Protein chains: 2
Amino acid sequence: MKIGELASRAGVGTKTIRYYEEIGLIPEPERTPNGYRDYDEFAVERLRFIRDAQATGLSLTEIASILDLRGHGEGTCFHVIDLLERHIDDLDRHLETLHKTRDQLVTLTERAKGLDPEDCTDPNRCQTITPGINVGVSAGMKTDHLHVAGHPSRF
Amino acid sequence: MKIGELASRAGVGTKTIRYYEEIGLIPEPERTPNGYRDYDEFAVERLRFIRDAQATGLSLTEIASILDLRGHGEGTCFHVIDLLERHIDDLDRHLETLHKTRDQLVTLTERAKGLDPEDCTDPNRCQTITPGINVGVSAGMKTDHLHVAGHPSRF
DNA sequence: CTTGACATTACAGCCAGATGGAAGGTGTAC
DNA sequence: GTACACCTTCCATCTGGCTGTAATGTCAAG
């Protein structure tokens with residue numbers, strides 16, 4: 001399949017695919033006689049995996065090291081297993097914060113809805129975030145080593 | 001409290017705080033006679049909220065619009081409530097993907113551990129991602145409008 | 001009265017992760 | 001045979017969110 005089809009099936013742009021190839025995240029595909037990239041089914045899988053892994057906070061570089069486990073000897077294997085285990089750990093903590101903050105956002109929304117719309121023009125009443133809203137959340141949450149993909153990356 | 005104390009209490013850098021002020025995410029604080037920024041307790045709350053909201057995938061601009069609900073009239077209120085509701089929705093879907101992908105990463109790790117280390121040098125065996133690993137995951141997951149903060153933002 | 005940690009501003013630079021555009025080749029449908 | 005979508009490479013640019021640097025000011029402790 002050509003790059004355009006792969007792109008639409010995997011839900012990314014063609015630019016992105018070429019970029020991934022350039023940084024070694026996906027292997028160079030076969031080429032048709034006219035020079036067009038020619039992908040197989042597996043490529044769709046791989047791109048989807050990349051998207052999901054990215055969503056968990058793995059960087060493209062980390063994903064590359066996971067995808068490229070073969071042919072690098074024990075050391076790399078252990079390194080990657082370690083990376084994965086630490087990441088899963090961080091991810092679990094992140095999920096916890098996420099759940100808590102989600103609930104906080106719900107509270108915030110309820111509150112915003114509960115306000116009399118007329119009060120919205122009153123600078124003293126329609127302030128959605130107030131002291132106390134965060135009580136019990138974010139205390140001691142250390143999720144620092146975990147990070148998420150760059151800006152235009154949508155979940 | 002001075003910027004340094006606020007920074008360490010909220011778990012961010014002083015640069016970050018000044019940057020937030022610059023983009024209007026936090027209000028300009030009082031100044032001491034010598035020109036130093038002077039913050040109150042509420043500022044710590046606010047910064048923590050920002051961190052958590054950011055972790056759920058809200059951009060700083062979106063957070064700003066939530067934080068700045070007052071004094072903008074009904075329209076803005078409804079707009080923000082809408083933003084929040086859609087975001088919570090997206091977040092729920094994202095959490096689902098995240099949980100699934102987490103499990104997938106666990107599987108991947110188990111698999112990597114199960115491989116005989118000697119095979120790691122064999123390009124044909126130690127390929128951690130293979131067709132099939134993603135089966136049942138990422139199908140139809142559309143979390144597109146949700147996005148996460150820029151690159152150095154750690155969870 | 002100097003050292004050292006802190007603060008100030010202004011502005012440049014960095015990073016991941018794309019994204020855009022120019023200039024040109026390909027291929028199929030009408 | 002020409003429109004039109006789609007492909008190619010190369011290179012520049014954008015975005016979000018910081019982060020660093022320089023040049024300078026403030027202030028408490030020893």
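Residue numbering restarts at 1 for every chain, and letters A, B, ... go by the order of the sequence lines. This is a predicted model, so every value here is computed, not measured. Heavy atoms only: backbone and side chains are in, while hydrogens, waters and symmetry mates are out.
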On DNA chain C, nearest-nucleotide positions of T16(A) versus T32(A): which is more 5'?
T16(A)
With ring-ring contact (aromatic ring centres under 6.0 Å, His included) as the criterion, how do H94(B) and H99(B) come out once you've worked through the C-alpha distance, each side chain's angles and the decisive distance to 0.1 Å?
CA-CA 9 Å; H94(B) 182 56; H99(B) 279 295; 10.0 Å; no
What is the separation between atom CG on N34(B) and atom P on dT9(C), rounded to the nearest whole Å?
11 Å
Give a yes or no answer on whether the side chain of T101(A) reaches the backbone of L98(A) with a donor-acceptor pair at less than 3.5 Å.
no
Any residue meeting side-chain hydrogen bond (donor to acceptor under 3.5 Å, both in side chains) with E21(A), in chain and number order, not counting sequence neighbours
R37(A)
Can you measure I26(B) atom CD1 to dC18(D) atom P for me and round it to whole angstrom units?
11 Å
With sequence neighbours left out, the residues meeting side-chain hydrogen bond (donor to acceptor under 3.5 Å, both in side chains) with E41(B) are R9(B)
Name the nucleic acid region contacted by I23(A), choosing base, sugar-phosphate or nothing; use a 4.0 angstrom heavy-atom cut-off, strictly under.
nothing
According to salt bridge (charged side-chain N to carboxylate O under 4.0 Å, His left out), who are the partners of D38(A), at least two apart in sequence or on a separate chain?
none
Each nucleotide N or O in nucleotides 1-7 of chain C that has a protein N or O under 3.5 Å away: list the pair and distance.
unit_1, atom_1, unit_2, atom_2, d
dA7(C), OP1, G4(B), N, 2.5

Please list, chain by chain and in numerical order, all residues satisfying salt bridge (charged side-chain N to carboxylate O under 4.0 Å, His left out) with D89(B), sequence neighbours excluded.
R93(B)
Can you sort out the partners of Y36(A) under side-chain contact (heavy atoms from CB on, under 4.5 Å), two or more places apart, ordered by chain and number?
K2(A), T32(A), N34(A)
I50(A) CD1 - dA18(C) C1' separation (whole Å):
14 Å
Can you tell me how far C1' of dT9(C) sits from CD of E21(B), to the nearest Å?
12 Å
Please report, rounded to the nearest Å, how far the C1' atom of dC18(D) is from the CZ atom of R51(B).
14 Å
Could you state the CD1-P distance from I17(A) to dT8(D), rounded to the nearest angstrom?
10 Å
Hits for side-chain contact (heavy atoms from CB on, under 4.5 Å) against D103(B), two or more places apart or cross-chain, chain-then-number order -> none
When rounded to whole Å, the CD to P distance for the pair E22(A) and dA12(D) reads 13 Å
Basic-acidic side-chain contact under 4.0 Å: R86(A), E62(A)
no
Check nucleotides 21-24 of chain D for protein N or O atoms closer than 3.5 Å to its own N or O atoms and list the pairs.
unit_1, atom_1, unit_2, atom_2, d
dT21(D), O4, K15(B), NZ, 2.2

Strictly below 4.0 Å: does Y20(B) bring a side-chain N or O up to OP1 or OP2 of dC18(D)?
yes
Calculate the interatomic distance between L58(B) atom CG and dG16(D) atom C1'; express it in whole Å.
14 Å
N or O in side chain of R31(B) less than 4.0 angstrom from dT9(C) OP1/OP2
yes
